[in-house]
Every structure is written in C-alpha cells, then in structure tokens.
Amino acid sequence: MGEIVNLNRARKARAKADAKRTAEANRLTFGRTKAERLTTRAERERDADQLDGHKRDKPDA
C-alpha cells in the first residue's frame, strides 16, 4: 500500500517551490547593481557591433 499524503500540504509545498524558483529568477534579473547592469549592456552592445562588423553585406548608409 502507498504512503498517505496530505493533499493540502502537497499543494502548499508545490506552491512554495514555485515561489522559490520565481524569487531566484527575480534575484538574477533585478538583484544587480547599476554598474553590473551597465557592464552587461555594454558587453551586449559590443557583441552586437562585432557581429554586425562581420556581416558580408553592409547595409546602405
């Protein structure tokens, strides 16, 4: 015979785990200093410029 499970506790545990995952994602997204955000933005722009510079056909200016 299987183990007896309290469905209310299981539901609450699942909700708590979901909230924990959401909090972790928010910490990664919003829990950074302004300097870190600016650094990331500069890196993305530099990578995009570098990628655009390697394209074969240049857009008409």
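Keep in mind it's a predicted model, so treat the numbers as computed, not measured.
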Going by atom type alone, with no hydrogens or angles, which donor-acceptor pairs under 3.5 Å involve a side-chain atom of residues 10-22 and a protein atom two or more places apart or on another chain?
| unit_1 | atom_1 | unit_2 | atom_2 | d |
| --- | --- | --- | --- | --- |
| R11 | NH2 | N8 | OD1 | 2.4 |
| D18 | OD1 | R21 | NH2 | 2.1 |
| T22 | OG1 | D18 | O | 3.0 |

For R37, side-chain hydrogen bond (donor to acceptor under 3.5 Å, both in side chains) partners two or more places apart
none
Donor-acceptor contacts, no H, no angles, side chain residues 40-49, under 3.5 Å, sequence neighbours left out:
| unit_1 | atom_1 | unit_2 | atom_2 | d |
| --- | --- | --- | --- | --- |
| T40 | OG1 | R32 | NH1 | 3.0 |
| T40 | OG1 | E36 | O | 2.9 |

Nearest heavy-atom neighbours spanning R27 and E24
NH2-OE1, 2.7 Å
